Amino acid sequence: MGIDRAVASYTVRPPRGRAIIFAVAHLGLDLRKLDVASLRVSGRRVEVVLPGYRRRWSCGPPKWRSSGRTSIPAQTAQLFERARNAFEAEVGADKALQERARDSARQSLRSLFVGLGFSEVVFVDKLSPEPQRG
């Protein structure tokens, strides 16, 4: 489950021209980390602590803006690494995008739990301690 960021670009200006890399960033919650420690069930009520974010990105080959420019493998690898770091920082700082990913996960999980027969699904930051039974 995740949200795709619109196409982003990052420009690097080496001494002999400029390359533009276009990328798509994917931000979602890693629901593989949702386990019994992040759920509490009481009757038909379930409390859920959402897991952390998962980021990934994909990009196309660089577009060189210079006549006669050819890519050099070492420069291309450096370019991709710098672009990846910039993209990850941008996505990591985008609070609105993070909230959209959380909303998407909440909506999907709420539908799942209601479909399983729960009537109340509550998303919490931390599970409260279980009441002592005596």
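Fair warning: this is a prediction, and the values are worked out from it, not measured in the lab.
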| note | Closest non-hydrogen atoms of G28 and A101, given as atom of the first, atom of the second and distance, are CA-CB, 4.3 Å
| request: Would you indicate whether the side-chain heavy atoms of R54 and K33 approach each other to under 4.5 Å? | output: no
| request: Quick one: closest heavy-atom pair of A105 and L29, and the distance? | output: CB-CD1, 3.2 Å
| said: With a 3.5 Å distance limit and no angle check, can you tell me whether S104 reaches the backbone of R100 through a side-chain donor-acceptor pair? | reply: no
| request: Look at the side-chain heavy atoms of Ile, Leu, Val, Met, Phe, Trp and Tyr, link any pair under 4.5 Å apart, and say whether L127 and F113 land in one connected group. | output: no
| request: Please identify each residue that fulfils side chain to side chain contact (heavy atoms under 4.5 Å, CB included) with Q107, with sequence neighbours left out. | output: none
In residues 115-126, what donor-acceptor pairs under 3.5 Å come from side-chain atoms, sequence neighbours left out?
residue: E120; atom: OE2; partner: R45; partner atom: NH1; Å: 2.8

| remark: Sequence neighbours excluded, the answer for side chain to side chain contact (heavy atoms under 4.5 Å, CB included) partners of S38 is L34, D35, V49
| query | Does a salt bridge link D103 with R106, judged by any charged N lying under 4.0 Å from a carboxylate O? | reply | yes
| message | Please evaluate residues Q98 and L27 with respect to the criterion side-chain contact (heavy atoms from CB on, under 4.5 Å), reporting the C-alpha separation (whole Å), side-chain torsions for both, the decisive distance (0.1 Å), and the verdict. | response | CA-CA 7 Å; Q98 292 172 10; L27 177 69; 3.7 Å; yes
| Mind checking whether L109 and L50 have side chains closer than 4.5 Å, heavy atoms only? | yes
| task | Output the distance between atom CG (L97) and atom CZ (R102), rounded to the nearest 0.5 Å. | result | 12.5 Å
| task | For N85, check side chain to side chain contact (heavy atoms under 4.5 Å, CB included) against everything at least two apart and list the hits. | result | E81
